[in-house]
Amino acid sequence: MRKVFSLSNPSKQSPGFIYLLLCICKSSLPFFCQACHHATGCMLTLCRIEEEAMAYKESLSTRHDLFLESLLQKGTYTKLYSYTYLLNGVAVHVESEEVFSILKNAAGVRAIHEDVKMEKLTTYTPDFLGIPAGVWPVLGGAKSSGEGVVIGLIDTGINPYHPSFANNSSLGSLNSTKFRGKCTTGKKFPPSACNGKIVAAHYFARAAINAGDFNATRDFASPFDADGHGSHTASTAAGNHQIPVIANGFNYGYASGMAPGASRIAVYKALYTFGGYMSDVVAAVDQAVEDGVDILSLSIGPSSVPPGPSAFLNVLEMELLFATKAGILVVQAAGNGGPSSSSVLSFSPWITSVAASITDRKYNNTIILGNGQSFSGTGLAPSTAGEAPFPIAAAVDVSHGNITNIVEVESCQHPVYFIKSLVREKLIICTYTFEYEDVNIATVEDTIKKIGAAGFIITMDPDIGSEQIKGTTMTMQVPAIILNNMQASSALWEYYNSNTIRSRSGQAVVFAARARILDGRQALFTAQAPIVASYSSRGPDVNNALLQTADVLKPNIMAPGSSIWAAWSPNSEGDPNIKGKNFALVSGTSMATPHIAGIAALIKQKHPKWSPAAIASAMMTTADTTDHAGSNILAQSTNQLTPATPFDMGAGSINPARAIDPGLIFDAHFEHYVEFLCAVPGVDDDSVRRAAGIGCPIRRGAWCSDLNTASVTVSNLVGSRKVVRCVTNVSRRNEEYRVTVREPIGVNVTVTPKVFWIRGNASRHLRIMLKATRVTRTHRFGEIVLHGSRNHIVRVPVAVYVSTTLKC
Ligand SMILES: *[C@@H]1O[C@H](CO)[C@@H](O)[C@H](O)[C@H]1NC(C)=O
Ligand SMILES: *[C@@H]1O[C@H](CO)[C@@H](O)[C@H](O)[C@H]1NC(C)=O
Ligand SMILES: *[C@@H]1O[C@H](CO)[C@@H](O)[C@H](O)[C@H]1NC(C)=O
Ligand SMILES: *[C@@H]1O[C@H](CO)[C@@H](O)[C@H](O)[C@H]1NC(C)=O
Ligand SMILES: *[C@@H]1O[C@H](CO)[C@@H](O)[C@H](O)[C@H]1NC(C)=O
Ligand SMILES: *[C@@H]1O[C@H](CO)[C@@H](O)[C@H](O)[C@H]1NC(C)=O
Ligand SMILES: *[C@@H]1O[C@H](CO)[C@@H](O)[C@H](O)[C@H]1NC(C)=O
Ligand SMILES: *[C@@H]1O[C@H](CO)[C@@H](O)[C@H](O)[C@H]1NC(C)=O
Ligand SMILES: *[C@@H]1O[C@H](CO)[C@@H](O)[C@H](O)[C@H]1NC(C)=O
């Protein structure tokens, strides 16, 4: 029996193991690499000789073992990992509170955290974003875009057999002095899987195995992707250019990664079909940073914001802060908890949190009834043959009469109920219902194929909202339509019932109702776009379990996330609707995230010296706040479209062509993030020192809003506040900037200077004075825009909550 315990907030999913962060660098122990960057960890980059680094890692790991042995009885714990690169710590699995409390109180233990569960936050998009015309030419064409940049993905692994990851003959070897990743081989992952496009691959499963969630048959003990999610995200970030998307023998178009040419993919598998554990994810990040990746893409998040006085001090957040310190831009999915407010799962200011938009591509299908009525629905399925309508029949009317479970028949879940001679050449009406576990459209299609009917029509059970249908974007082999709206469903039934002749006993004898289904695989490019997707998680940012809002803008930026075509893994056990396919059309902030990771790789290629904050700033200040028609971007909310705010889309929709040349940037470094942590209400000097390794500046009393981000967020304005920003000139063009302000309701905003000029590579301060003029008791939004005389536009979103106008 596993004994589950918890540190603070008991959570249902508490797996019963914990992290330990040991303070070893501080004590004067004889290690090879003495020069620790920060007291919690030693940066191995300082060990120039690889053998030295290896020896150091081993000695640290041995020390962790000795430490545990000295405290605990054999058999009462399992060490899962020694973290040796960014963090000096271990993950151990213990099963009793007694053991836990020994560890917690042991000398040398700096911090201890309970593990939390992680979840996956589940082409034509480059054209939609304007990349082929705007960015690739600048970088020497699609072929060399991303040259020398390595994107690390913490995900479900990769399908190395997919054409999106093939080693093109033109691909040279990686020209990088700092990347030294290697490949772990294993099941379906031979040495040849690391082919030059894929430059590193590892998997981390010790926590999953210890928790009993890892199934070697299903999950593959190798970097191979047995889910599909990881291949999808990797191909979106850096998959090859112009790969034909073929599903069920139909060509849906061509897919291409954002940085398709020479950018490389490093794979760190830490997520599985069931999800994953933070201790595996931390091990993956540690390895990625040690390998020397340039960008880290995480299409995953914790199942909830970790509890505790400040979520920012959580182990994973600290690990990602140290990755940022090492010069790596961390991009993470915002979460799929929208449209509820404060639903972001990615919350720290050093991370670029990505919101998802719907694009202008739309698939819709049409059914034309014999009486001339026609209805729209979904279903990526072929049309019925020819122009002639086919007879339609309700599932119950073409099944054996001796059935007891009518619902199972109506929902077309099994072929045995049907009378084959009756279904031939007919379109069968099936009903979507939740009476079964795992009901899905794939089973319906399977039934229809097996019984040899002409196709199917899915109607809605009035008890189910259409939003909840799983598999509406699944590709199908037989003609089909999903009438995911009640009105169309009712109209179809009415037409069917009035045209079906029944015997006295009620049995259908003449099927006179007819219909034909059009081709649902043709994309339409007419939709208004981009629009914030309803599921995309929203701000304001929260910093702890009490849901106190932080002075941090979240999400940061938006990219396409809905109905994204990209690579898949045919071995996928995850979603039956896309099982066995090589490409999948899926949605989520998971899908938006690698778009940003790929675009960040292009910026990194152009500006190799830029810090993570500089790249994030470049993407944010140049983002679009208007859609393709020039109107303000809208957001899908519960039942309507509302004007999108920075809490929906961050600074706006990514504009790669402009992000590569932002004019000015807002930069920030490790010590600034530490100052931010020191300013978080409820966080004391000691907890910052234990988590980050350095203490707070002597002069405290700064605000979180002082962090030099490309946004201004004040969640509790009392009277007035001065916010200082520092801009750096990264342009070579001679230019002068003029400041304009759109004030949020209830706040007077003045920026000085109003007009300025900065030397190349130099910085200057902007003083932003916020004065409350009216109590709002809600966040109101505005913006500060710096207009360059040569077309640079630097846009800074402003979000302010006025609690009181008086300062007392
Ligand atoms: C590798 O990169 C260095 C520095 O960026 C450059 O000087 C060199 O020419 C490159 N080598 C190749 C083979 O591209
Ligand atoms: C790509 O494949 C070729 C032939 O298999 C190989 O010679 C080449 O080294 C590979 N490229 C890289 C960058 O590994
Ligand atoms: C492991 O996965 C395989 C394949 O999906 C399945 O058949 C088997 O029942 C699973 N085993 C356990 C113990 O869940
Ligand atoms: C890579 O290979 C694919 C498939 O052969 C090809 O279509 C594509 O243009 C190639 N080039 C790049 C840069 O991806
Ligand atoms: C589906 O497409 C047809 C034809 O292009 C169009 O008339 C119809 O309005 C569309 N339906 C929806 C729901 O977008
Ligand atoms: C129902 O009847 C059909 C043939 O009339 C028969 O093949 C089938 O086994 C029966 N099913 C049940 C559950 O009795
Ligand atoms: C904002 O405050 C400044 C300085 O106090 C003042 O000059 C300006 O008129 C105010 N603006 C508005 C719109 O009230
Ligand atoms: C930035 O630096 C460049 C090069 O020194 C200069 O030409 C340009 O005017 C500067 N831009 C601003 C806004 O000061
Ligand atoms: C800033 O410095 C870099 C090299 O350090 C140089 O290439 C660049 O032109 C400079 N930028 C400006 C605006 O002067």
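Ligands are counted one by one from 1 in listed order, and the atoms in each one are counted from 1 as well.
By the side-chain contact (heavy atoms from CB on, under 4.5 Å) test, Ala193 is found to be paired with Pro160, Phe189, Pro190, residues two or more places apart in sequence or in another chain being considered. Applying the disulfide (SG to SG under 2.5 Å) rule to Cys183 yields the partners Cys194; only residues at least two apart in sequence or on another chain are considered. Under the side chain to side chain donor-acceptor pair (under 3.5 Å) criterion, Glu671 pairs with no residue at all, not counting sequence neighbours.
Residue contact check: Tyr737 has heavy atoms under 4.0 Å from atoms 13 (C) of ligand 8. Against a heavy-atom cut-off of under 4.0 Å, Ser731 is close to the following atoms of ligand 8: 1 (C), 2 (O), 3 (C), 4 (C). Short contacts between ligand 8 and Glu735, defined as distances under 4.0 Å to a heavy atom of the residue, involve ligand atoms 8 (C), 9 (O), 11 (N), 12 (C), 13 (C), 14 (O).
Side chain to side chain, Thr728 and Asp667 fail the donor-acceptor criterion of an N or O pair below 3.5 Å.
Using a 4.0 Å cut-off between heavy atoms, Asn729 contacts ligand 8 through its side chain alone, with no backbone atom that close.
Polar contact check, Trp757 against ligand 8: a nitrogen or oxygen pair lies under 3.5 Å apart. Considering backbone and side-chain N/O atoms, Asn215 comes within less than 3.5 Å of an N/O atom of ligand 3. The shortest N or O to N or O distance between Arg759 and ligand 8 is not under 3.5 Å. In terms of polar-atom proximity, defined here as any N/O pair under 3.5 Å, Phe756 makes no such contact with ligand 8. At a 3.5 angstrom cut-off on N or O pairs, Leu664 does not count as close to ligand 8. For the pair Glu736 and ligand 8, the shortest N or O to N or O distance does not fall below 3.5 Å.
Ring centroid separation for the pair Phe220 and Tyr203 does not come in under the 6.0 Å cut-off.
Partner of Asp661 under the side chain to side chain donor-acceptor pair (under 3.5 Å) criterion, chosen from Lys606, His607, Arg733: Arg733.
The pair Asp446-Lys579 fails the salt-bridge criterion, with no side-chain N (NZ, NE, NH1 or NH2) lying under 4.0 Å from an Asp/Glu carboxylate O. Ion pairing between a basic and an acidic side chain is recognised when a charged N comes within 4.0 Å of a carboxylate O; Glu783 and Arg795 show such pairing.
Using a 30° and 60° split on the angle between ring planes, Phe224 and Tyr161 fall in the tilted class, from 30° to 60°. Relative orientation of the Tyr81 and Phe204 rings is tilted, given thresholds of 30° and 60° on the angle between their planes.
Contact record, Asn582 with His162: O-NE2, 2.8 Å, taken as the closest heavy-atom pair.
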Distances only, to 0.1 Å: what are the N or O pairs between ligand 7 and the protein that fall under 3.5 Å?
{"residue": "ligand 7", "atom": "2 (O)", "partner": "Asn748", "partner atom": "OD1", "Å": "3.2"}
{"residue": "ligand 7", "atom": "2 (O)", "partner": "Asn748", "partner atom": "ND2", "Å": "2.4"}
{"residue": "ligand 7", "atom": "5 (O)", "partner": "Lys771", "partner atom": "NZ", "Å": "2.7"}
{"residue": "ligand 7", "atom": "11 (N)", "partner": "Asn748", "partner atom": "ND2", "Å": "2.7"}
{"residue": "ligand 7", "atom": "14 (O)", "partner": "Asn748", "partner atom": "ND2", "Å": "3.2"}

